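Owing to the predicted nature of the structure, the values given are computational and were not obtained by experimental measurement.
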Amino acid sequence: MRWYNCFIGLFLLASFVVRADESPTDYVNPFIGTSNGGHTHPGAMCPFGMVSVSPFNSYDPFDDPAFSEHKPYTYFYGDPFFSGFTHTNMSGVGCPDLGTFVVMPISGELKITPANYVCRYSEEVAHPGYYALSLPEYGIRAEASATLRSGIERFTFSGGEGHILFNAGMSVSTVSGAFVKIVSSTEIEGYKKIGNFCGNGMESTVYFVARVNKQPQKSGLWNNKELCGLQTIETEGDDVGAYFTYNMKDGEHVEIQVGVSYVSIDNARLNLDTEQSGFQFDTVRKNAIGSWDTELSRISLEGGTEKYKRMFYTALYHVLIHPNILNDINGEYPAYLSGEIRNSGNRSRYTLFSLWDTYRTVHPLLSLVYPERQSDMVNSLIDMYREGGRLPKWELCSMETNVMVGDPAIPVLVDSYVRGICDFDIEIAYQAMLENADTGRMDADIVRPGYKKFLELGYIPEPDGKKDNEASVWGSVSTGLEYCMADYALASMAKIVGKDSDYLLFMKRAGYYRNYYDSLVGFMRPKYKDGRWLVDFDPNPGVPAWHSQPGFVEGCSWHYNFFVPFDMSELIQLNGGEKAFINKLAECFEKGYYNMGNEPDISYPYLFNYVKGEEKRTQYWTRHCIDTYFGDDQNGITDNDDCGTMSAWLVFSMLGFYPDCPAKPVYQLTAPIFDKVKIRLQESYYSGKFFTINAGVNACEKSYIKNMKLDGERYAGFTINHSDLVRGGILDIVLEE
């Protein structure tokens, strides 16, 4: 054990040495958001990677009630037991799935059930593209890295008998079923069933090929907690896996590679062979870090505290995880809904579209800084329409989960187009939007639940249990307001393509938000079918704060009362005019009704900008939210990150501008955190220059904007057009305390 302890000491020393040539990756802390409900993970991956190699620490070997909150997810900061590395994971989501192909190193006696082999761990280290920990009980140092479609782990032993376990049946998906086959003494292949995300019932399959770099003394399979006979070369079931056994010298290591595909075992092998030439852990790690440096360096910072830099670059890091690559190295992928094998050609096919969340912040940020990625994502959405006859709502591995409400793909498509992402078939995209909004389609109640009543009555009615038995939608007000947002976006696209009658029709529908506003109480309020307002109405949050009040999705009327981003002037009048509007908006914050941990009200801090003379309130509350709801440790995200949505809010807000209305290429301005920011604009879509924000020395110590200049000319107002930003230039901001 002496060598082992020396190894750990040297490793930790190396891990905390800051390189002279600092890069954005030096400021990324992958542990941010791994507690406090953030549901991120600290695993190793590449930007937008299909594979992420992450620790699985939420398995509870003692059925301890303290684990009950964490069980559905692979990782929760502080949970004490390590049960291996997973290879497919989601970041920041509210329901579990994936977490497949669990690789666990142990020493001593061969154990094949998690309850017997899980162990305590220590000395975690996580950087972009790299993760490591120590397993003192086994005398093992475990390290992980990844390419886009494959993972690699390196296990350094302190001597004696060692084993590499490959648990194919274990995951966080509620779907059971797996298969493992021995291809040779150093290679296995198989698959795992996944799905039922948020109880939606859909299932799919993910395939693998795994190989070790050293000939084992023995190897074999297990099924249902029992070792299979030596002659068994394949097995299928819910609890299946393979093991490789070695007699290890002190300091000797074993590497294992895992290739993944959602198409076939052959493609998993092709992905692995193409992306990893031989076993070269350090090369894979170096390349992974390099890929993160390249992507994160599109935004450079000067000034600000070390904490703020860690918050910023980790937030940007989280934005670049999902949506992620679905297609294999040969372009093949499973088609939306059918699973039929298609080919993406020269483009990348993306998956994991948490659109109800990401349409608000993630996709506008990608459009600005990573437009080539957003282009492929938009084309992925359109291809899903071609394949499945509808635009997706919450797509996962080509399955449609139908999670959340509204029709959020439409704002993504339109917002991308008006921001300059125009290299997609606009006619097909427009057709797809119209068909999603068509109440005559056979699956209309699935694509847009409640939309028929929305058009018939001008609102979606709240069921009255005493008078009708109509099926309800989740959140009659929330769903209706989301349809208003989607129909505004559709109207905007209709105007672009010259469909004037469609424009008038969908603008009318977008205006139905007025039918939810009860002027007597001053809130958006559910209505019954006969036009009566919901009785026993309470606009305030429940306990916990995200609990859905009648008529609302994961919230209450306070969280939706100002969610009409496309018609703020009319909304202000509905709320009694500018003074009354500002007082009510301020009350939302001052009385603690604002919920930073969920999406519908995340733009609220910026709404003060809509009343002249009140802009300092936006600057105050954005800085307050940054400092209150975000941080640089494991608790640094409040509630689910939702596939980067909250992180994207933080990135925008720290930069000093925010896209408060999808499908409108305008940003609201606030006081930036950093002294100087440079955003590199991609030449293939924008000017190829930099947009620079100069805020002066010690900007983070000042909260309010005194005056501004754009390219040397005095700049009035507190918005900036996307077109002004992407042509490049300099925004000088003078701040004051």
Side-chain angles (χ1 to χ4, degrees), residues 197 200 322-324 326 335-337 347 349-367 373-419 421-422 424-439 441 443-451 478-479 481-494 496-497 502 506 509-510 553 565-566 599 642-645 648 659 661-664:
F197 181 77
N200 74 301
H322 299 309
N324 56 264
L326 178 67
Y336 179 58
L337 298 184
R347 291 189 285 103
R349 171 61 174 255
Y350 284 83
T351 185
L352 223 161
F353 285 89
S354 178
L355 293 168
W356 183 83
D357 308 293
T358 57
Y359 86 82
R360 306 166 202 267
T361 59
V362 170
H363 291 288
L365 182 57
L366 294 175
S367 293
R373 300 281 190 175
Q374 181 65 10
S375 173
D376 280 358
M377 291 175 191
V378 167
N379 278 287
S380 294
L381 295 176
I382 295 172
D383 283 343
M384 289 178 202
Y385 162 71
R386 290 188 175 105
E387 296 156 10
R390 57 168 289 190
L391 290 169
K393 182 175 291 184
W394 210 119
E395 179 270 350
L396 169 62
C397 304
S398 288
M399 301 178 285
E400 179 51 65
T401 70
N402 285 311
V403 174
M404 304 311 294
V405 298
D407 198 351
I410 291 177
V412 171
L413 293 174
V414 181
D415 188 74
S416 301
Y417 190 87
V418 299
R419 293 183 193 277
I421 314 299
C422 304
F424 59 91
D425 191 324
I426 187 65
E427 296 298 329
I428 293 294
Y430 185 66
Q431 177 183 320
M433 297 180 211
L434 288 179
E435 290 194 22
N436 258 41
D438 182 6
T439 58
R441 57 183 301 145
D443 59 351
D445 290 334
I446 297 175
V447 176
R448 283 199 178 193
Y451 193 62
S478 300
T479 301
L481 293 177
E482 289 288 353
Y483 289 153
C484 292
M485 179 66 249
D487 285 346
Y488 167 77
L490 209 167
S492 300
M493 186 58 80
I496 290 170
V497 298
D502 286 352
F506 286 103
R509 295 178 182 180
V553 172
F566 54 88
E599 279 68 23
D642 288 320
C643 298
T645 300
C661 181
K664 280 189 177 181

*Interatomic spacing from OH in Tyr336 to CG in Leu381 - rounded to 0.5 Å*: 9.5 Å

*List in chain and number order the residues that pass ring pair (Phe, Tyr, Trp, His ring centres under 6.0 Å) with Tyr430, two or more places apart in sequence or in another chain; answer none if no residue qualifies.*
none

*Approximate separation, where rounding is to 0.5 Å, of Gln374 CD and Arg419 CZ*: 10.0 Å

*Reference residue Tyr359; test side chain to side chain contact (heavy atoms under 4.5 Å, CB included); the match among Ser416, Pro408, Ser354*: Pro408

*Contacts of Ser367 that satisfy side-chain hydrogen bond (donor to acceptor under 3.5 Å, both in side chains) - sequence neighbours left out*: none

*Contacts of type side-chain contact (heavy atoms from CB on, under 4.5 Å), residue Arg386, not counting sequence neighbours*: Ile382, Asp383, Asp425, Ile428

*Is any side-chain N of the basic residue among Glu482 and Lys393 closer than 4.0 Å to the acidic one's carboxylate O?*
no

*Identify, with sequence neighbours excluded, every residue that meets ring pair (Phe, Tyr, Trp, His ring centres under 6.0 Å) alongside Trp394.*
Phe197

*Please round to the nearest 0.5 Å and tell me the distance separating atom OH of Tyr350 and atom CE of Met384.*
12.0 Å

_Could you work out, with side-chain contact (heavy atoms from CB on, under 4.5 Å) as the rule, every residue matching Thr479, not counting sequence neighbours?_
Val405, Ile460, Val473, Tyr483

*What do the steps show when you test Glu427 against Gln431 for side chain to side chain donor-acceptor pair (under 3.5 Å), and what is the final call?*
CA-CA 6 Å; Glu427 296 298 329; Gln431 177 183 320; over 6 Å; no

*Residues that Arg373 engages under salt bridge (Lys or Arg N to Asp or Glu O under 4.0 Å), provided they are two or more places apart*: Glu295

*Residues in salt bridge (Lys or Arg N to Asp or Glu O under 4.0 Å) with Asp357, at least two apart?*
none

*Applying salt bridge (Lys or Arg N to Asp or Glu O under 4.0 Å), name anything that partners Glu395, two or more places apart in sequence or on another chain.*
none

*Check: Thr358 and Asp642 side chains under 4.5 Å, non-hydrogen atoms*: no

_Tell me whether Arg441 contacts the main-chain N or O of Gly389 through its side chain, where contact means a donor paired with an acceptor under 3.5 Å._
yes

_Residues forming a side-chain contact (heavy atoms from CB on, under 4.5 Å) with Ala437, sequence neighbours excluded_ = Arg448, Tyr451, Leu490, Phe506

*How would you list, by chain and number, every residue that makes a side-chain contact (heavy atoms from CB on, under 4.5 Å) with Ile426, sequence neighbours excluded?*
Tyr417, Phe424, Met493, Val497

_Closest approach of Pro411 to Ala489 (non-hydrogen atoms, all atoms of both residues)_ = CA-CB, 3.9 Å

*asked:* Within this structure, what is the CG-CE distance for the pair Asn379 and Met377, rounded to the nearest 0.5 Å?
replied: 12.0 Å

*Can you list the residues that meet the side-chain hydrogen bond (donor to acceptor under 3.5 Å, both in side chains) rule with Asn200, with sequence neighbours excluded?*
none

*Identify the two heavy atoms, one from Pro565 and one from Met485, that lie closest to each other, and give their separation to 0.1 Å.*
CG-SD, 3.7 Å

*Kindly compute the distance separating CZ (Arg349) from OG (Ser398), expressed to the nearest 0.5 Å.*
5.0 Å

_Using the side-chain hydrogen bond (donor to acceptor under 3.5 Å, both in side chains) criterion, which residues pair with Ser380? Sequence neighbours excluded._
none

*Compare every heavy atom of Asp407 with every heavy atom of Ala486, then report the nearest pair and how far apart it is.*
CB-O, 3.7 Å

*Just how far is it from atom OG of Ser492 to atom NZ of Lys664, taken to the nearest 0.5 Å?*
8.0 Å

